[in-house]
Enquirer: 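Starting off with a structure, shown below.
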Amino acid sequence: MRVLVITGAGVSAESGIPTFRGKDGFWRNFDPAKLATPEAFARDPKLVWEWYHERRQRIRNAQPNAAHQAISKLAQHANEFLLVTQNVDDLHARAGIPKEKMVQIHGDIFVTKCSRCDFRRRDYEQEHPPSVAAATYGAAGEHEQRDVVPRCPECDALMRPGVVWFGEQLPLNELRRVENYFDRGRCDLVIVAGTTATFGYIIDWALRASRHGGELIEVNPEETPLSQFATRLVREPAAVALPLLVNQLIEL
Ligand SMILES: [Zn+2]
């Protein structure tokens, strides 16, 4: 079986990672959708970094949930598998999806990259584990560093989080990996979970992968623009629906 899974914020929400939508997503009365922009970073890089440091800390303290585990199980059983996630956290990876089977189309929150040159590094390993961070900087959730705006060791420009902000292009090499997967053949099964599918490219990929008779399953509590195209709708949160669904699919 050739499988494509697409996930969004709804999959991580049940691990306690707030989505950008609704009042739960607000941070110090700021709308994250307005902080996650190049304009916000140009205006106040310290504020934007403080928000990302807190988000990183929250993700480190979070655990993968039943939805992440179920997707990982499906990946092990499929002949060919690709996960395209809009989530910038590492919960899919920690649930056991190998790097080569996953595309983080909106980037990786633990990457810090230069805003001018090509320099980038992954900060996860270099930063403090949660226990040390908590002892050094106070309770989890507080930002992890006092010196919040890092500078590039190569060119001294401001460094920024390695995520795709609103209004920015998707990373080319990640796009290419998705295209390569499509080029190698049609999918028998496409699951779109925990995303409202508001981005056109999500709908486009789901439809392209499932054409020629593949099943397209949407897992989302609410109707989305993709619902009309799905061959099966599961109107439940991902952490509830996916374990059952994956077990069913594996038995088939
Ligand atoms: Zn640089």
Side-chain angles (χ1 to χ4, degrees), residues 8-9 12 17-20 25 27-28 30-62 82-94 97-130 132-134 136-138 140-180 199 201-202:
S12 289
I17 311 297
T19 67
F20 278 23
W27 174 78
R28 295 190 202 164
F30 291 105
D31 177 356
K34 289 182 184 139
L35 287 175
T37 63
E39 293 76 21
F41 187 71
R43 200 181 315 122
D44 195 343
K46 184 165 177 288
L47 178 73
V48 171
W49 261 118
E50 281 175 5
W51 179 55
Y52 277 98
H53 283 310
E54 281 198 20
R55 251 181 115 75
R56 283 178 173 183
Q57 192 56 49
R58 189 186 271 261
I59 291 164
R60 280 198 201 88
N61 292 338
L82 186 70
L83 168 67
V84 177
T85 183
Q86 298 171 274
N87 300 337
V88 298
D89 62 57
D90 62 347
L91 296 176
H92 280 300
R94 278 157 60 196
I97 304 265
K99 251 192 196 130
E100 65 274 13
K101 291 188 179 179
M102 173 166 62
V103 171
Q104 282 187 288
I105 201 66
H106 290 170
D108 174 349
I109 195 170
F110 291 109
V111 165
T112 299
K113 67 178 186 182
C114 180
S115 56
R116 185 193 294 153
C117 75
D118 289 336
F119 180 83
R120 53 165 54 217
R121 64 170 184 240
R122 197 160 191 276
D123 278 342
Y124 191 84
E125 295 80 6
Q126 291 161 22
E127 287 173 5
H128 313 282
V132 178
T136 313
Y137 301 117
E142 277 188 43
H143 55 79
E144 64 214 26
Q145 288 166 300
R146 295 299 176 196
D147 177 20
V148 288
V149 185
R151 283 193 175 268
C152 177
E154 303 287 330
C155 76
D156 204 42
L158 294 183
M159 302 267 277
R160 52 164 285 181
V163 299
V164 178
W165 282 333
F166 290 103
E168 292 187 314
Q169 301 287 320
L170 298 178
L172 266 183
N173 41 353
E174 300 304 296
L175 279 176
R176 217 168 280 138
R177 291 181 60 212
V178 177
E179 292 297 332
N180 286 345
F199 295 108
Y201 49 85
I202 297 296

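Each ligand, and each atom within it, is numbered from 1 in the order the structure gives.
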Enquirer: Aromatic rings Phe41 and Trp165: how do their planes relate, parallel, tilted or perpendicular, breaks at 30° and 60°?
Expert: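 Correct class here is tilted.
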Enquirer: Near the Zn ion (ligand 1), which protein N/O/S atoms are found at less than 2.8 Å?
Expert: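 Per the 2.8 Å query on the Zn ion (ligand 1), atoms found are Cys114 SG, Cys117 SG, Cys152 SG, Cys155 SG.
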Enquirer: What orientation do Trp49 and Tyr52 show, parallel under 30°, tilted 30 to 60°, or perpendicular over 60°?
Expert: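 Aromatic pair Trp49/Tyr52 classed perpendicular.
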Enquirer: How long is the gap from CG on Leu35 to OG1 on Thr37, to the nearest 0.5 Å?
Expert: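 So the gap between those two atoms works out to 7.5 Å.
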Enquirer: Check for a donor-acceptor pair, side chain of Asn87 on one end and backbone N or O of Asp89 on the other, with a separation under 3.5 Å.
Expert: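 Between the backbone of Asp89 and the side chain of Asn87 there is no qualifying donor-acceptor contact (under 3.5 Å).
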Enquirer: Do NZ/NE/NH1/NH2 and the carboxylate oxygens of Asp123 and Arg121 come within less than 4.0 Å?
Expert: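 Result for this pair is yes, salt bridge flagged.
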Enquirer: With a 4.0 Å cut-off on N to O distance, would you call Arg58 and Glu54 a salt bridge?
Expert: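 A salt bridge is absent here (no side-chain N lies under 4.0 Å from a carboxylate O).
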